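Please read the structure below before turning to the comments.
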Amino acid sequence: GKLEEAGRWLDAEKIDDEQVVDVALDLILALARAGQNHAARARLEQIWPRWHLDSSVKARVHETRAQLEQKAGHEHQ
């Protein structure tokens, strides 16, 4: 569906723009809301090695990870 299409678009992009990172984080949360926690976690793990993140973006990634874990019923550490 639309989430998979968005994921394919992100995978094809050279991601070095904060707006694209925001789209990726939105996709991760949408996957979690759709019950696709494994896919959401996998996509979140791809962010660190693939993108050069400044401190504000890193904070948003960390916040997204916390939301993802909360949706999955885990406490974020």
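Atom set for the values below is all heavy atoms of this structure, side chains included, hydrogens, waters and symmetry mates excluded. Keep in mind that what you see is a predicted model, and the values were worked out from it rather than measured.
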Salt-bridge criterion met for Arg65 and Glu45 (N-O under 4.0 Å):
yes
Are Leu10 and Leu29 co-members of a hydrophobic cluster defined by side-chain heavy atoms under 4.5 Å apart?
no
Distance in Å, Ile28 CD1 paired with Gln36 CD, rounded so as to fall on 0.5 Å steps:
12.5 Å
Approximate separation, where rounding is to 0.5 Å, of Ser55 OG and Arg60 CZ:
10.0 Å
Leu68 pairs by side chain to side chain contact (heavy atoms under 4.5 Å, CB included) with which of Leu31, Leu44, Leu25?
Leu44
Test item: Glu4 side-chain N/O and Gly1 main-chain N/O as donor-acceptor pair under 3.5 Å:
yes
Could you tell me if the side chain of Trp9 sits less than 4.5 Å from the side chain of Leu27, heavy atoms only?
no
Non-hydrogen atoms of Ala32 and Ala40 that approach each other most closely
N-CB, 4.0 Å
